[in-house]
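Working notes for the structure below.
In listed order, ligands and their atoms are each counted from 1.
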Amino acid sequence: MIRPFSLARNVGIDLGTANTLIYIAGKGTVLSEPSVVAIDVNTGKLIGTGGEAHRMLGRTPGNIRTIRPLRDGVIADFDATELMIKSFIEKGNEGRRMMAPRLVIGIPSGVTGVERRALRDAALVGAREVHLIDEPMAAAIGAGLPVVEPVGTMIVDIGGGTTEVAVISLRGIVICESLRVAGDELNGAISRYMKKTHNLLIGERTAEDIKVRMGSALPNDDHDSMMMDVRGLHLASGLPRTVTIACGDVREALEESLGTIVDLIKKTLERTPPELASDIAERGIMLAGGGAKLRGISDLIARETGIVTHIAENPLESVVLGCARVLEDYGRLSRVLEPNDQLRGSLD
Ligand code: ADP
Ligand code: MG
């Protein structure tokens, strides 16, 4: 007879506010999908998850609800979160249930103790072991920062719902600050700008498209001549209308929110013990998360803090790669996990 845990696989999961990623040892990143679920409100049944649910955002009839359960970095809807994780693990494993996996799940640092326990219990069904790791720690490991060394490093993870700034040394988070200003808020700022200056209502997905194609934190000669036609609903006439915008317009829209992110980094540096702060000044700041891909953001942070700022090699995957590294190098890295987070499943 095959013992269940001989089939155990090491699996890393980044439970992000915007995107969930799954990494299976020996296979790599097998899934990267928006953290969205669509549910039939009458029956409570799952209609879809990830990309298929994301396409329904803003387009659902009354009986279907699309939910981003972790949108603000806390678990707003626990049942939806549980359904989403289970569906993603299955999708990531080619539709099959995984036998007794060993999971490391990266979660936003704002998720409370009660939610952590509930999440672990939910994930434990069918798993051999479940470990939770704070996303800034996972991002730092995934970005290749020397988290076990006695040196201070700073990771700034700009995700969808939250920006998390952490100072790490000797396997521990020394300081962690979190802010609900990140990619979603940048989209919101673009929507507000379009409404205010052009009287044009645009949807969340259009705002995101503008940000990714036109957004920047600082002027850039190569990019700034680009223009974009934006379609939306003209408020005065109530009819669809197209407006042409320039990169400078988008930068103006983003300025205030980016300033808030920069202020959080400065505030965290001020609170950092001097030895660690001087390590950071010497080694630089590391950016991760999708927000790190905004043009010019590392230069803006470097200019405002006076500290060299690097972007992780693959900012969208830093957290899931960090989770995977913890599993691969468990002997050296398991101490980054909270003792309470090392619960064993009933199969062990
Ligand atoms: P989370 O970890 O919270 O799920 P992610 O790290 O996956 O978030 O990042 C998602 C955010 O990154 C979204 O708000 C998305 O709009 C933003 N993003 C992705 N690519 C870019 C880009 N090229 N420029 C600016 N923002 C981007
Ligand atoms: Mg993230």
Side-chain angles (χ1 to χ4, degrees), residues 12-23 29 31-37 50-51 54 57 68-76 81 84-85 88 105-111 132-143 155-166 176 178-191 203-218 220 223 226 228 247 250-251 253-254 257-258 261 286-301 311-323:
I13 303 178
D14 167 10
L15 203 53
T17 66
N19 297 300
T20 295
L21 285 83
I22 298 188
Y23 182 103
T29 304
L31 176 133
S32 165
E33 297 213 25
S35 306
V36 186
V37 286
H54 185 71
L57 274 178
R68 280 181 56 192
L70 291 138
R71 184 175 188 121
D72 295 317
V74 294
I75 297 181
T81 306
M84 188 176 79
I85 297 179
F88 283 162
I105 309 179
I107 50 166
S109 60
V111 174
L132 302 184
I133 181 170
D134 280 321
E135 288 189 333
M137 176 60 88
I141 295 170
I155 180 91
V156 177
D157 182 348
I158 307 172
T162 58
T163 295
E164 309 208 5
V165 181
C176 180
S178 177
L179 180 74
R180 284 185 196 171
V181 175
D184 295 333
E185 176 53 29
L186 297 181
N187 299 348
I190 290 172
S191 297
E204 196 179 329
R205 300 185 45 168
T206 303
E208 174 154 32
D209 197 33
I210 296 173
K211 175 182 69 180
V212 171
R213 282 167 59 188
M214 304 281 283
S216 58
L218 288 175
N220 174 324
H223 180 248
M226 225 172 97
M228 181 174 167
C247 291
V250 184
R251 194 158 50 242
L254 299 179
S257 305
L258 293 176
I261 293 173
M286 180 65 82
L287 301 185
K293 298 180 78 157
L294 183 74
R295 279 174 208 84
I297 193 159
S298 60
D299 292 335
L300 176 73
I301 294 169
I311 301 172
E313 201 178 310
N314 197 343
L316 282 162
E317 287 197 26
S318 303
V319 168
V320 83
L321 292 177
C323 293

- [ ] Show the numbers, then the answer: is there a side chain to side chain donor-acceptor pair (under 3.5 Å) between Thr20 and Ser35?
- [x] CA-CA 5 Å; Thr20 295; Ser35 306; 2.9 Å; yes
Residues Glu185, Arg180; criterion side-chain contact (heavy atoms from CB on, under 4.5 Å); working and verdict: CA-CA 8 Å; Glu185 176 53 29; Arg180 284 185 196 171; over 6 Å; no
Test log, rule side-chain contact (heavy atoms from CB on, under 4.5 Å), inputs Val250 and Ile190: CA-CA 7 Å; Val250 184; Ile190 290 172; 3.9 Å; yes
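Qualifying side-chain hydrogen bond (donor to acceptor under 3.5 Å, both in side chains) partners for Ser216, counting only residues two or more places apart in sequence or in other chains: Arg251.
Salt-bridge formation is detected for the pair Arg71/Glu204: a Lys NZ or Arg NE/NH1/NH2 atom is positioned less than 4.0 Å from an Asp or Glu carboxylate oxygen.
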Check each N or O atom of ligand 1 against all protein N or O atoms and list the pairs under 3.5 Å, with atom names and distances to 0.1 Å, one per line.
unit_1	atom_1	unit_2	atom_2	d
ligand 1	3 (O)	Thr17	N	3.1
ligand 1	3 (O)	Thr17	OG1	2.5
ligand 1	3 (O)	Ala18	N	3.4
ligand 1	3 (O)	Gly160	N	2.9
ligand 1	4 (O)	Thr17	N	3.1
ligand 1	4 (O)	Ala18	N	2.6
ligand 1	4 (O)	Asn19	N	2.7
ligand 1	4 (O)	Asn19	O	3.4
ligand 1	6 (O)	Gly290	N	2.9
ligand 1	7 (O)	Asn19	ND2	2.7
ligand 1	8 (O)	Gly160	N	3.1
ligand 1	9 (O)	Gly290	N	3.2
ligand 1	14 (O)	Lys211	NZ	3.3
ligand 1	16 (O)	Glu208	OE2	2.3
ligand 1	16 (O)	Lys211	NZ	2.6
ligand 1	18 (N)	Gly290	O	3.4

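The environment of CZ in Arg205 is crowded: more than 12 heavy-atom neighbours from other residues, nucleotides or ligands sit within 6.0 Å.
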